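Okay, structure first, notes after.
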2 protein chains.
Amino acid sequence: MFAHQDSETRFDHPNYIILKQQKPTESELEILGILWERGASTVREVHEKLAETKEAGYTTTLKLMQIMYEKGLLTRDASSKTHIYAAAVSQQETQQQLLNKMIDTVFGGSATQLVMQALGHHKSSGEELDQIRKYLSEIEKQQR
Amino acid sequence: MFAHQDSETRFDHPNYIILKQQKPTESELEILGILWERGASTVREVHEKLAETKEAGYTTTLKLMQIMYEKGLLTRDASSKTHIYAAAVSQQETQQQLLNKMIDTVFGGSATQLVMQALGHHKSSGEELDQIRKYLSEIEKQQR
DNA sequence: ATTTGTTTACGAAGATATTCGTAGATGTTC
DNA sequence: GAACATCTACGAATATCTTCGTAAACAAAT
């Protein structure tokens, strides 16, 4: 029911031909977030981090990560007994994908609306605001 | 499994005591988006709009909206045969809720990151950029 | 080598979301 | 009022997501 997805060839994966980045679910995003931050990690490590915020059994985390691997969201190194997983999709790409969807359905298509809403309710330091100003100028420069 | 929700009293609803804004699902968000844009509408109208992007039967849309009504996401006027639905949750509040979650899990907690990512990949007119600059100044003023 | 602990694999139950067929109510047209 | 169209209500099938128990593999400790 969600948007159609282009197929593409990939290696380093049992299926060989898999769908391009499937939309991660809620739980999957949490795990991706941890892997982006920590870099390659074991299930145990991810689970530990996860348990700080959320109640869940170890095998639940394991199963999730196995599924994510099958989907192509994670890669893994199974050379030692304790497998090591890493995110297979980039943080940037995923962010963009989710942002686009969100802008479209919830912000009536206006990225500006989203930006202002995000700025309004998050205390940003003066430094951060300056950083954004700088960024704005760059964009304007590029567009010319 | 998701964050706990405070209970609160409400009227204009069969249950009387319902949970505070449940997290809308993907499909529900699409419908909310349409209602925010169009204002109060019939199922038929929402369905028509929905069908522009998405494949779905009429009764599917109907059922969804009925469920959303039961959840308290929509209100409805059933005085005439053809019921008229409206969003019961504000666009702003919902936007903020989703943004917060997203900043937290996908942007490592940094609203600034989100803003820059959003600005980077959406062509914004010079006008819009100015609007954002103005907004930045206001925020700075308020914080002092 | 037996116990103990940690790991993966697997299957299946439970929870939630999505889809749609069918029936009955209501309204409209001829 | 009979035929037709449109609407709601309801139930159930399907699909997807989440959770976890159990077993087998493996390693380390006694």
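Keep in mind that what you see is a predicted model, and the values were worked out from it rather than measured. Residue numbers begin at 1 in each chain, while the letters A, B, ... track the order of the sequences.
By the salt bridge (charged side-chain N to carboxylate O under 4.0 Å, His left out) test, A:D130 pairs with A:R133, sequence neighbours left out. Under the side chain to side chain donor-acceptor pair (under 3.5 Å) criterion, B:S80 pairs with no residue, sequence neighbours left out. For B:Q96, the side chain to side chain donor-acceptor pair (under 3.5 Å) test picks out A:Q117, B:N100, with sequence neighbours left out.
Taking only side-chain atoms of A:K71, from C-beta outward, the nucleotide of C:dT8, C:dT7, D:dC17 with the closest atom is D:dC17. Checking C:dG11, D:dT8, D:dA9 against the side-chain heavy atoms of B:T82 singles out D:dT8 as nearest. Closest contact between the side chain of A:K63 and the listed nucleotides D:dC20, C:dA9, C:dT18 involves D:dC20.
Among the protein residues, B:T25 comes within range of the sugar-phosphate backbone only, with heavy atoms under 4.0 Å from sugar or phosphate atoms but none that close to a base. Residue contacts shown for A:E28 are absent, as no nucleic acid heavy atom lies under 4.0 Å away.
Taking 4.0 angstrom as the limit, B:Y58 places none of its side-chain polar atoms (N or O) nearer than this to OP1 or OP2 of C:dT19. Not one side-chain nitrogen or oxygen of A:R76 sits closer than 4.0 Å to the OP1 or OP2 atom of C:dT7.
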Let me have the donor-acceptor pairs involving side chains of residues 58-66 of chain B, under 3.5 Å, with sequence neighbours excluded, atom names and distances please.
unit_1, atom_1, unit_2, atom_2, d
B:T61, OG1, B:H47, ND1, 2.8

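Among pairs with a residue in residues 40-49 of chain A, those fulfilling salt bridge (charged side-chain N to carboxylate O under 4.0 Å, His left out) read A:R38-A:E45, A:K49-A:E52, at least two apart in sequence or across chains.
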How would nucleotides 21-30 of chain C be written as a contact map, 5' to 3', with B for base contact, S for sugar-phosphate-only contact and - for no contact, using protein heavy atoms under 4.0 Å? BB---BS---

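For the pair A:G57 and B:R44, nearest-nucleotide mapping onto DNA chain D gives the more 5' position to B:R44.
Minimum heavy-atom separation, A:K71 to A:Q22: CG-OE1, 3.4 Å.
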